[in-house]
Participant: 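Sharing a structure below in structure tokens format, with a few things to ask.
As a basis for the values below, the full set of heavy atoms in this structure was taken, side chains included, without hydrogen atoms, waters or symmetry mates. Just follow the structure's listing: the first ligand is 1, and inside any ligand the first atom is 1. Quick note: residue numbers are just sequence positions, from 1.
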Amino acid sequence: MVKVSTDAVQPFEQAHYAALRALAPECAVLLKKNGDFPLNAPCAVALYGAGARETIKGGTGSGNVNVRHYTTVEEGLENAGFTVTTKEWLRGCAALRAEIAAKFEAELVAEAKATGRSYFMVSMGRVPPAPHYAAPIDGAGDVGIYILSRDSGEGADRHAAAGDLLLTEDEKRDILACAEKYKKFMLVLNVGGPVDISAVLPHVENVLLLSQLGSVTGDVFADLLLGKAYPSGKLATTWAKAEDYPSLGDFGLHGDARYREGVFVGYRYYDAAGVEPIFPFGFGLGYTDFETSVTGFAVEDKTAAVTVTVRNTGAYAGRETLQLYYSAPAGKLPKPLRELGAYQKTAELLPGEQASYTLTLPLEDMASWDGAEDAWLLEAGDYVLSVNGIPAGIASLTQSVYTSRLSHACGDADFADWQGEKQRSVPENLPRLAVDAAMLEGAGHFDRARIAGEKLNLPELSDFTVRELATVCAGKYRAGGELSVIGNASARVSGAAGETADIAEEKGFGKLVMADGPAGVRVNKRYFEVESGAINLDLNSSIWFKDLMSPEEWEALQAQQLENERRAQERGEILYHYAAAIPIGTALAQSWNAALQEECGDIVAEEMQRFGVNLWLAPAMNIHRSPLCGRNFEYYSEDPLISGKTAAAIVRGIQKREKCAATIKHFACNNQETDRFGSNTILSQRALREIYLKGFEICVKESAPMSVMTSYNLINGVHSANNQALLETILRGEWGFEGVVMTDWGTTGSAFNRSMGMAGCSDPMLCVRAGNDLIMPGQQDDVDRIVECVESGELSIEELRICAGRILALCKRLRLV
Ligand code: BGC
């Protein structure tokens, strides 16, 4: 831990900014081009759109990092020497936005008052409406740029309405006017997820998905515009017309959410329904162009391999992404028309340069989950492999084979999954290689007897009383007097989300300090320290409103704030931690580049070490099931392979550094924000295994994250944090996870959680039984309930010891003391 007692910019901040500026361009996706960009030199730019001055660096909620500063698009262009000709309009637009935001805040305060809910809960994830501020689009200047932005976040879902998934009339009018008036025009999307831009797309010739790139957003845009960097991202989620998004299964309802579409999520759905999206999954152009040809196909030792040659045929340097898809034969089970099996980003290729790559795919990875047999099944027939749309060869399986037999865990749906409509056609004249099914039998075998917890029943635990053990299994919560709130409950590190109880430290194991993710390290910027811990001076007072408090409460709060400032001055040491915001999860996934993702993880871990944080509450890796999920920007993709590989790369980056560990979340099926404490995901065994668990499985097996956070929702009627089948049978038993499982914040029904309006419905006793070791941020009620259950015999002390043992084993493993 390095303490900084000056507000001056530190060398590490500059180093991280420079590193992110070099990495982030790869996350941007060029969606349409006519060759007018990049520009040769800075020039006069007419800049429009709400994102020009109020650029969104990433969404809201716990995934938002408290940065010192981030560059907006306007700043980025000016830093690079452009002259912005529309300053007057930008000023007027910003003033109107501020007015709208203040009115919106007042409405939320009134709503909180009327409903008796806390402002914190009422305001979560809700964003003010867009301003109607007519732009004087006259065509003056060399280039027109329109920055379309969208914001969303934790606690609320997006809307299939104008201003969110759809364009407003103002946006359409202004974008079309720009496209008509400017000789060179680019539509720039500063968004965290899809927007239906089909109404303007035919008239716009250059579209860049800049995405939300954290601290460096504006400077990176200028680098891209000037060709100092090039976009090489590909979409990790389909962009469809609003009316074409699947409505087969429930989304955004309270209570039960039936995932009737089964495994047909994202491109698996559009293919099977015969729907042409606006931009398909995997799509992205570059300033340059590539030609790809297949030069080899082989099946050897249970693995298929496709060799391709890629040539840069354009005038700029670039990097191509090679995407290997397989198409499995429908038989007992219906199959998506194609599924991503492997991918690889090429090195930078200069104009005229070419390179060869071999992509490999273990055959067992093409198996589907047979819910009737609780087993992964490779059905007999032709498996067609292709790279970037070019058919490469067929692996022909002579008979069906079960590659592994597992368990029937996590219940069943009360409906039959959608089956898909379209049938595939198998291309002719492809090389066909026969595969001996026998060699794949049991290829994915696992040892059922291995339950990690048993190994972690540390001898030292016999010194702990029942109450002490229960205390270890709940985090240390700091009550509201010092203005700590949910997601900001650590006493040790100001602004960190939580920490483990003091008892573990007193007994020599040290303390685990946790901070959000996934956009960087979420801590407070300005604080001071007293014996009991760190006190925040950078008060996020927007959650406390005079209108919502009694006069006494308000007075006490004001006094507390003044007192904090006075104590800080008296101690004479105000401390600072300024974190970098890395690109949002979806943008990182769009790079399709594991090395880049790992490097971002390393930047985060370096800051964790500086700030004294051990457990990062990220990667967040839920599936983009619907474009409307408010937290999709934190998550990676609609595809489980991308989700799992991206998370694995970031986890590697985090865990390479001493005392740093990652917490993958939210396990599992947390795909909407509406009713997030009560939502019950109802889905088939097959959808669960192939889509919603697959990414977590890949990440656990590839990078061994030391921690997992369960989700707020239920799965087929059982809360994730109380779900023994999910945590012990699947996560630990089948995948070999050996770390700590913790709850999401405030998931039990303790008094404090209820007072915040968080209707958590997990039971602390069942958390222990299910192997959800740690209850966060932890309350006295949680500890009491566990102790009572042990005393009454409802819960055994062994069960409690296993959970506490895992937490203490992690402390030891990280060598916290
Ligand atoms: C979020 C988590 C986050 C936690 C701690 C919760 O509200 O769902 O993703 O890690 O708060 O801040």
Participant: Taking the six-membered ring where the residue is Trp, are the ring centres of Y692 and Y259 under 6.0 Å apart?
Facilitator: yes
Participant: Among V651, L693, I664, exactly one meets side chain to side chain contact (heavy atoms under 4.5 Å, CB included) together with V700. Which residue is that?
Facilitator: I664
Participant: Polar contacts were defined as any N/O atom of the residue lying under 3.5 Å from an N/O atom of the ligand; does this apply to K665 and ligand 1?
Facilitator: yes
Participant: For the residue pair Y635 and H624, categorise the inter-ring angle as parallel (less than 30°), tilted (30 to 60°) or perpendicular (more than 60°).
Facilitator: tilted
Participant: Can M776 be said to touch ligand 1, with heavy atoms closer than 4.0 Å?
Facilitator: no
Participant: Run the numbers for me: atoms of ligand 1, each under 4.0 Å from some heavy atom of E154, listed by number.
Facilitator: 1 (C), 6 (C), 7 (O), 8 (O)
Participant: Relative to the heavy atoms of H666, which atoms of ligand 1 are at a distance of less than 4.0 Å?
Facilitator: 2 (C), 8 (O), 9 (O)
Participant: Please classify the R676 to ligand 1 contact at 4.0 Å (heavy-atom distances, strictly less than): side chain, backbone, both or neither.
Facilitator: side chain
Participant: For a quick check under 3.5 Å, do D157 and T674 share a side-chain donor-acceptor pair by atom type?
Facilitator: yes
Participant: Output side-chain donor-acceptor pairs under 3.5 Å for residues 609-617, partner residues at least two apart or in another chain, one line each.
Facilitator:
{"residue": "Q609", "atom": "OE1", "partner": "R657", "partner atom": "NH1", "Å": "3.2"}
{"residue": "Q609", "atom": "NE2", "partner": "E658", "partner atom": "O", "Å": "3.0"}
{"residue": "R610", "atom": "NE", "partner": "E606", "partner atom": "OE1", "Å": "3.2"}
{"residue": "R610", "atom": "NE", "partner": "E606", "partner atom": "OE2", "Å": "3.2"}
{"residue": "R610", "atom": "NH2", "partner": "E606", "partner atom": "OE2", "Å": "3.4"}
{"residue": "N614", "atom": "OD1", "partner": "V513", "partner atom": "N", "Å": "2.8"}
{"residue": "W616", "atom": "NE1", "partner": "G520", "partner atom": "O", "Å": "2.9"}

Participant: Show me which atoms of ligand 1 lie under 4.0 Å from any heavy atom of M709.
Facilitator: 10 (O)
Participant: Looking only at heavy atoms of E634, does any of them come nearer than 4.0 Å to an atom of ligand 1?
Facilitator: no
Participant: Below 4.0 Å from ligand 1: does a non-hydrogen atom of R522 turn up there or not?
Facilitator: no
Participant: Given N66 and V523, is the side-chain contact (heavy atoms from CB on, under 4.5 Å) satisfied, shown in steps?
Facilitator: CA-CA 7 Å; N66 300 315; V523 286; 6.0 Å; no
Participant: I need the atoms of ligand 1 closer than 4.0 Å to a non-hydrogen atom of R631, numbered in the order shown.
Facilitator: 1 (C), 2 (C), 8 (O), 9 (O)
Participant: Using a strict cut-off of 4.0 Å, indicate which atoms of ligand 1 neighbour a heavy atom of L617.
Facilitator: 10 (O)
Participant: Report the residues that fulfil side-chain contact (heavy atoms from CB on, under 4.5 Å) with Q780, sequence neighbours left out, ordered by chain and then residue number.
Facilitator: R467, V783, D784
Participant: Without hydrogens or angle criteria, can the side chains of S637 and D639 be said to hold a donor-acceptor pair below 3.5 Å?
Facilitator: no
Participant: Tell me whether ligand 1 is touched by M514 - counting only heavy atoms on the residue side and a distance under 4.0 Å.
Facilitator: no
